[in-house]
Amino acid sequence: MDMYGWIQLALFAGLLLALTKPLGVYLASVLDAGGKTFLDPVLQPCEKLLYRLFSIKSQDEQNWQQYAVSLSVFSLVSLLFSYAVLRLQHVLPLNPQGFGPVSPDLAFNTAVSFTTNTNWQSYGGESTLSYFSQMVGLTLHNFVSAAAGIAVATALVRGLSRHSARTIGCFWVDLVRINLYLLLPLSLILAVFLVSQGVVQNFKPYAAAKLLEPHTAVAPAITNIATQTIAQGPMASQVAIKMLGTNGGGFMNANAAHPYENPTPLANFLQMLAIFLIPSSLTYYLGRMVKNQRHGWAVWAAMLLLFLAGLTVCWQAESAGNPRMHALGVNPLGGNMEGKEVRFGIFNSALFATVTTDASCGAVNAMHDSFTPLGGLIPLLNIQLGEVVFGGVGAGLYGMLVFVVLTVFLAGLMVGRTPEYVGKKIEAYDVKMSALAILILILSILGFTAWAVVSNWGLAGLNNQGPHGLSEIIYAYSSATGNNGSAFAGLTTNTPWLNTTLAFAMLFGRFFMIVPILALAGNLAKKKLLPQSEGSFPVTGLTFVVLLVGTILIVGALTFVPVLSLGPVVEHFLMTKSAVVF
Amino acid sequence: MKDIIKELRTAGLATFFLAIILCCLYPLCVWGLGQLLYPHQADGSLLTEAGAVVGSSLIGQGFIGQEYFHPRPSAAGAGYDAAASGGSNLGPLSKKLLDMAAQRVAAYRHENGLARDALVPADAVTASGSGLDPHISLQNALLQAPRIAQARNISLESVRKKIQEHSEGRDLLVFGEPRVNVLMLNMSLNRTR
């Protein structure tokens with residue numbers, strides 16, 4: 001844990017803090033159907049044209065059921081669209097490598113994965129997908145699934161800020177405005193910057209390079225290597241939105257560890273910042289809309305606290321390295337470099353792993369499977385806590401608000417008063433919906449994992465044995481249910497059983513979460529505003545932050561401590577205190 | 001029922017028109033700007049010698065000869081396969097990983113003439129995440145320098161100078177780690193022969 005790490009961390013947190021308010025203010029105008037932005041002269045004609053084509057009006061409003069139906073129908077239609085693109089890629093254009101159609105179970109898994117903002121990948125991009133599949137079939141969801149997440153969070157915030165109202169906004173208007181005014185301009189700027197750093201953006205066939213020193217490789221098989229085929233593609237445009245939209249699906253198999261996707265430490269730094277940018281600004285938007293800016297900052301502070309705690313553990317564990325390697329004569333000062341890139345080193349790999357799992361991004365710049373047990377525990381735990389630490393775009397905020405409702409409810413129980421939150425009485429229905437949203441995640445993660453570890457199809461794909469094998473499986477279902485998409489990538493998941501069960505985990509984690517959230521939004525919007533009184537539980541300040549963090553940790557800990565003990569924790573003690581290998 | 005048909009129609013139209021804006025116009029915009037402003041980077045930072053592509057400054061390449069600097073071990077395909085990127089994904093207690101590491105440590109000490117208990121840099125015996133890592137650490141390069149000087153029959157001093165020339169510091173003095181680009185270094189060694 002060196003000085004340069006601390007400086008980079010300070011810069012990261014400082015820049016995030018500095019950008020939260022300006023983008024939060026901008027978000028408030030984007031998320032208001034009649035809001036004015038400085039991009040209106042360019043984008044408003046396009047916005048109006050889209051409304052005309054969809055035959056909707058910008059002042060249309062929907063109740064929560066209609067909002068949920070629109071979102072679900074749109075997700076289903078766009079899912080089928082991507083499924084068709086993947087299945088038909090051999091007859092579609094922009095396929096210079098001549099890849100065949102994607103198999104049905106893989107196409108289903110991939111289409112679900114991108115529709116649910118998960119970007120779980122059972123395939124290697126450069127060896128499976130055509131440029132058209134990447135650019136149209138997948139990038140579409142990088143935008144629209146992110147927009148849908150932000151839309152749901154917006155609907156929930158509207159539920160909080162409105163009173164005696166029947167509607168929570170219009171899904172189609174939110175979808176169009178978020179894509180046009182927020183995601184598109186930010187992606188364009190980031191993509192062009194990434195090209196300047198070396199991220200490719202072309203439509204050429206893979207380049208063939210004549211090696212400087214043709215040689216014979218002996219492992220895994222004896223191969224004469226005289227040329228290097230270097231994969232290309234329209235990558236920068238996809239990488240920019242995969243970060244900003246917290247999607248995380250890599251263009252290449254190695255994702256952000258690939259030197260084309262993440263060529264320099266500077267590009268790496270901005271990609272990490274891009275992941276947290278919108279989720280962080282949404283907390284400012286929350287404060288502004290409920291007319292309690294200090295509440296927005298309190299939520300932000302709780303997130304930052306959990307982020308720093310996770311990062312410190314992960315960074316420390318990876319710096320300490322693997323004692324088994326040190327015993328062989330590897331310099332312990334280098335830390336655990338298996339699966340990491342020299343240009344990023346230990347700190348930037350640990351920071352990226354923490355950021356990508358705090359948010360529901362799932363891009364990786366180092367292989368989590370090769371992390372030390374405790375270093376790998378942090379990404380896993382981050383996902384299991386519900387990815388509420390800044391979180392996915394929108395998904396992080398609505399996940400966090402569920403915990404806020406629960407915290408307010410628990411605080412109310414402790415002091416024996418009817419709980420209230422920003423002037424709304426929290427009643428049985430609200431608590432039920434919040435608890436439902438949390439329980440669905442837990443059931444899906446633990447249920448599918450339990451099923452997989454007692455089935456042959458679950459164990460067949462393992463790359464590692466012993467406790468690490470359990471970690472691979474629990475990570476897969478946590479990542480799928482949490483719509484994260486990162487992996488302990490040793491697990492071979494491209495089999496019909498795993499593809500299918502993981503796809504269902506993704507669908508449960510996304511839509512069974514969104515529906516209770518929208519129901520909560522609709523119910524909150526209906527309520528009358530209570531006047532602030534002496535007895536109201538303050539949702540600002542240290543007490544609130546501590547209670548909120550406590551609630552998140554208690555729910556997460558009570559649920560996942562047993563399985564984490566059998567996986568990463570036991571592996572840690574085996575690594576440090578025994579001679580066992582697997 | 002009528003409502004659902006209307007929703008389906010809107011969803012279909014939204015998918016189609018958003019795909020045109022977000023999946024055609026936007027990538028083409030980035031492509032146009034990229035080709036205009038940074039054509040070399042947008043096309044893969046490819047390196048050419050005598051008109052033929054010999055690699056990319058961003059993508060690592062395998063080397064095994066005594067006269068070349070060696071990159072990190074690679075888990076991409078048969079090694080540095082730039083059409084099949086990836087790491088080993090072996091956990092810290094994997095027997096396979098530890099056996100391989102023991103072999104690599106022994107080989108590294110042997111070929112570079114190090115003592116039997118000399119510490120070996122971590123990056124020299126571990127596979128990167130991408131399998132295409134173009135860099136090694138400065139320490140790793142310096143330990144390999146005597147071998148290259150001997151194999152090429154040039155002074156150790158001149159090899160060290162080459163390493164200095166091709167080492168990159170932290171981006172903007174803070175970001176990332178100092179590193180040496182193996183392919184660029186080896187190319188420059190060949191040029192001085």
Side-chain angles (χ1 to χ4, degrees), chain A residues 7 54 73-74 77-78 81 126-127 135-136 139-140 143 191-192 195-196 198 200-202 209-210 213 215 217 223 228-231 234 236-237 252-254 257-259 263 265-266 269 322 324 328-331 334 337-339 341-343 345 366-367 369 372 463-464 468 489-490 581-582, chain B residues 7 10-13 15 19 22-23 27 30-31 33-34 38 41-45 52-56 58-59 63-65 68 78-79 82-87 89 91-95 98 101-102 105 119-123 125-126 128-130 132-135 137 171 174-177 179:
Chain A
I7 297 175
F54 302 170
V73 169
F74 176 68
V77 168
S78 56
F81 170 78
E126 69 269 48
S127 54
M135 194 172 89
V136 179
T139 306
L140 174 71
F143 277 100
V192 173
V195 175
S196 81
V200 295
Q201 178 80 5
N202 62 53
K210 238 174 94 231
E213 184 208 28
H215 59 271
T223 332
Q228 186 181 38
T229 305
I230 308 178
S237 50
M252 305 284 197
N253 185 41
H258 196 291
L266 187 61
F269 185 79
N322 181 350
R324 300 299 186 85
L328 300 172
V330 178
N331 195 337
M337 282 302 284
E338 182 67 28
E341 306 284 301
V342 168
R343 62 191 180 284
M367 295 303 133
D369 212 348
T372 58
N463 186 41
N464 289 277
H468 202 79
V581 288
F582 296 93
Chain B
E7 289 293 313
T10 313
L13 288 168
T15 304
L22 304 170
C23 307
V30 177
W31 176 78
L33 286 168
Y38 312 104
Q41 288 94 320
D43 282 346
S45 309
V53 176
V54 294
S56 160
L58 291 176
I59 305 286
F63 287 96
I64 56 170
Y68 287 112
S85 59
N89 283 311
L93 284 181
S94 157
K95 185 170 182 317
L98 295 168
V105 167
L119 288 180
V120 173
D123 65 289
V125 293
T126 50
S128 64
S130 62
L132 302 172
D133 195 343
H135 301 112
S137 66
D171 288 14
V174 240
F175 299 111
E177 304 290 329
R179 55 208 184 269

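Per chain, numbering begins at 1; letters A, B, ... match sequence-line order. Computed from heavy atoms alone, side chains included, the values below leave out hydrogens, waters and symmetry copies.
Contact of His258(A) with chain B is made through backbone and side chain together, with heavy-atom distances under 4.5 Å. With a threshold of 4.5 angstrom between heavy atoms, Ala52(B) does not approach chain A through any atom at all. Proximity to chain B (any heavy atom under 4.5 Å) is shown, for Phe54(A), by both the backbone and the side chain. Interface residue Glu338(A): backbone and side-chain heavy atoms are both found under 4.5 Å from chain B. Heavy-atom distances place both the backbone and the side chain of Val174(B) under 4.5 Å from chain A. Interface remark: Ala489(A) contributes backbone and side-chain atoms alike to the contact with chain B (heavy atom separation under 4.5 Å). Of the atoms belonging to Leu33(B), it is side-chain heavy atoms, and not backbone ones, that fall under 4.5 Å from chain A. Residue Phe582(A) touches chain B through both its backbone and its side chain, counting heavy-atom pairs closer than 4.5 Å. Of the atoms belonging to Ile230(A), heavy atoms from both backbone and side chain fall under 4.5 Å from chain B. Ser78(A) touches chain B through backbone and side chain together, each having a heavy atom under 4.5 Å away.
With no hydrogens or angles considered, no side-chain donor-acceptor pair links Ser85(B) and Asn253(A) at under 3.5 Å. Defined by atom type and a distance below 3.5 Å, a donor-acceptor pair is present between the side-chain atoms of Glu341(A) and Ser130(B).
Taking chain B as the reference chain and counting heavy-atom pairs below 4.5 Å, the highest number among Thr139(A), Val192(A), Val200(A), Ile7(A) is found for Val200(A). Annotation: maximal heavy-atom pairing with chain A below 4.5 Å, among Ser128(B), Gly87(B), Ala19(B), Gly176(B), occurs at Ser128(B). Among Val54(B), Leu22(B), Leu98(B), the residue making the largest number of heavy-atom pairs under 4.5 Å with chain A is Leu22(B). In terms of heavy-atom pairs under 4.5 Å with chain A, the best-connected choice from Gly55(B), Gly12(B), Gly44(B) is Gly44(B). Between chain B and the options Gly334(A), Ala191(A), Ala209(A), Ala366(A), heavy-atom pairs under 4.5 Å are most frequent for Ala209(A). Top candidate by heavy-atom pairs under 4.5 Å with chain B, chosen from Ala231(A), Pro259(A), Gly345(A), is Pro259(A).
Of the possible polar contacts, none joining the Gln201(A) side chain to the Gly34(B) backbone as a donor-acceptor pair under 3.5 Å is found. At distances below 3.5 Å, not a single donor-acceptor pair connects side-chain atoms of Ser45(B) with backbone N or O atoms of Ser56(B). Between the side chain of Glu213(A) and the main chain of Gly65(B), a donor-acceptor pair closer than 3.5 Å is present.
In this structure, OG on Ser94(B) lies 10.0 Å from CG on Asn322(A), to the nearest 0.5 angstrom.
Closest approach of Gly91(B) to His468(A), counting heavy atoms only: CA-NE2, 3.5 Å. Of all heavy-atom pairs between Pro234(A) and Ser237(A), the closest is O-OG, 3.6 Å.
Using a 4.5 Å cut-off on side-chain heavy atoms (C-beta onward), Val330(A) and Val105(B) make contact. A 4.5 Å side-chain heavy-atom check between Leu93(B) and Arg324(A) finds at least one atom pair inside the cut-off.
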